[in-house]
Amino acid sequence: MMKIRYITNLGKMDHLTTSEIEMLEPVSEKFAFRTNNYYNSLINWDDPEDPLRRLVVPVMEELSDWGQLDASEEKLYQPISGIEHKYSSTVLLLCNDVCAAYCRFCFRKRLFQVDNDEVVKDVSSGIQYIEAHPEVNNVLLTGGDPMVMSTLRLKDIIHELSRIEHVKNIRIGTKIPAFNPFRIVEDQALIEMFEYYGSIKQIYIMAHFNHPKELTETAILSLKMLIKAGVSVVNQTPIIHKVNDSSIILKELFEKLSFIGVQTYYVFACRPTEGNEAFAVPIEEAYEIYKKAVSDISGLAKTARFIMSHKQGKIEVLGLIKELIFFKNHNLVECSKNGDISTYKRNPKAYWLEDYDGLRVS
């Protein structure tokens, strides 16, 4: 087993040259940097374009003037600190402001900046809010990564949620199986906790594998242990430039996950968050990659929808023809419009719905 050592200072990155460290320090000062020795061991340091390196090592392009810090305007849906209530039946409990490593393309990088008050350590007010809203049957623990917390603290939160009768599903958004699977395979108390509370509520792990290289033997073992404990594991990933913007890579990821028993859930358009220009792929290009990836694989591996997580809600890209693109309202805040289909003239340079302004056909 590997002793995990976290690295939060670029100067401690043995694989970077002094000049690289000096050049990238302004990026890490603006957008938090964190990785660990396990994840670093998966990177081919002789390849400056290694996909896993791009996931955790800063690049200068992050300083470009592009995007918004809160691209989906999540703050609009935060009635109290630590709670996001965007969809009627689902509440997000922002219970941690740390991740095992920080994805450079993160859409919530604002949470890791100074003076952010969206995440709370004391979740008691959030629990009370959920108790007071009987329409809520799904709760997603997120942040940050809840699985970075101690098993005891995570257990306390799940215990409180399990007492609320109208809460049926408890989801945990995490990249721990990719960033530090030893957190799972070496903690029997964690597995026992999932076994116990999984008999009371349905527990989902919303995993986040972006590239097949992340599916190491240890990562696969961690997923199988979770599944054996009765947890449902699904995966979601954005399409990221120079990481998985290849139908071959995406197909391999989908198939390997299905062979483990992990359902592919969402494939996201990379949000136009500040600092993300180097990672975003135009919507129409990303859709073509997604479409080709799922074209000749088993139905068990092609369950993911290609989604834009917009301020209005989740909007699915349905398809393209020569001059038109079709969107479907998958899950909007204004739920009466769910299922509606809209048609726009194509814009190959579009990264977000607003880039289609003035091009709507129906």
Quick one: which residue pairs count as a ring-ring contact (aromatic ring centres under 6.0 Å, His included) with a foot in residues 212-239, not counting sequence neighbours? none

Residues in ring pair (Phe, Tyr, Trp, His ring centres under 6.0 Å) with Phe31, at least two apart? none

Contacts of type ring pair (Phe, Tyr, Trp, His ring centres under 6.0 Å), residue His133, not counting sequence neighbours: His85, Tyr129

Measuring only between side-chain heavy atoms, which start at C-beta, is Val167 closer than 4.5 Å to Ser162? no

Please tabulate, for side-chain N and O atoms in residues 95-103, each donor-acceptor pair with protein atoms closer than 3.5 Å (sequence neighbours left out).
| residue | atom | partner | partner atom | Å |
| --- | --- | --- | --- | --- |
| Asn96 | ND2 | Val98 | O | 3.2 |
| Asn96 | ND2 | Asp145 | O | 2.8 |
| Asp97 | OD1 | Lys121 | NZ | 3.0 |

Apply salt bridge (charged side-chain N to carboxylate O under 4.0 Å, His left out) to Glu49 and list each qualifying residue two or more places apart in sequence or on a separate chain. Lys242

Could you tell me which residues satisfy ring pair (Phe, Tyr, Trp, His ring centres under 6.0 Å) with Tyr265, sequence neighbours excluded, listed by chain and number? none

Could you pull out all residues at least two apart from Lys311 that satisfy salt bridge (charged side-chain N to carboxylate O under 4.0 Å, His left out)? Glu73

Any donor-acceptor N/O pair, Arg305 side chain to Ile315 backbone, under 3.5 Å: no

How about Glu354: does its CD atom have over 12 heavy atoms from other parts shown lying under 6.0 Å from it? yes

Check the surroundings of atom NZ in Lys201: do more than 12 heavy atoms from other residues, nucleotides or ligands lie under 6.0 Å from it? yes

Sequence neighbours left out, what passes ring pair (Phe, Tyr, Trp, His ring centres under 6.0 Å) with Phe179? Give chain and number order. Tyr39

Glu135 meets the salt bridge (charged side-chain N to carboxylate O under 4.0 Å, His left out) criterion, sequence neighbours left out, with none

Run the salt-bridge test on Arg110 and Asp70 with the 4.0 Å N-O cut-off and return the result as yes or no. yes

Salt bridge between Glu288 and Lys292, side-chain N to carboxylate O under 4.0 Å? no

About how many Å separate CG of Asn37 and OG1 of Thr35, when rounded to the nearest 0.5 Å? 8.5 Å

Test: salt bridge (charged side-chain N to carboxylate O under 4.0 Å, His left out). Region: residues 265-274. Which pairs qualify, not counting sequence neighbours? Lys30-Glu274

Only distances under 3.5 Å count here; give the side-chain donor-acceptor pairs of residues 191-199 to other protein atoms, sequence neighbours excluded, each with its distance to 0.1 Å.
| residue | atom | partner | partner atom | Å |
| --- | --- | --- | --- | --- |
| Tyr197 | OH | His159 | ND1 | 3.0 |
| Ser199 | OG | Tyr196 | O | 2.5 |

Over 60° means perpendicular and under 30° means parallel, so classify the ring planes of Tyr290 and Phe306, tilted if in between. parallel

Test salt bridge (charged side-chain N to carboxylate O under 4.0 Å, His left out) applied to Asp187 - qualifying residues, sequence neighbours left out: Arg183

When hydrophobic residues are tied together by side-chain contacts of less than 4.5 Å, even through go-betweens, does Ile157 share a cluster with Ile200? yes

Within 6.0 angstrom of Lys228 NZ, more than 12 heavy atoms from elsewhere: no

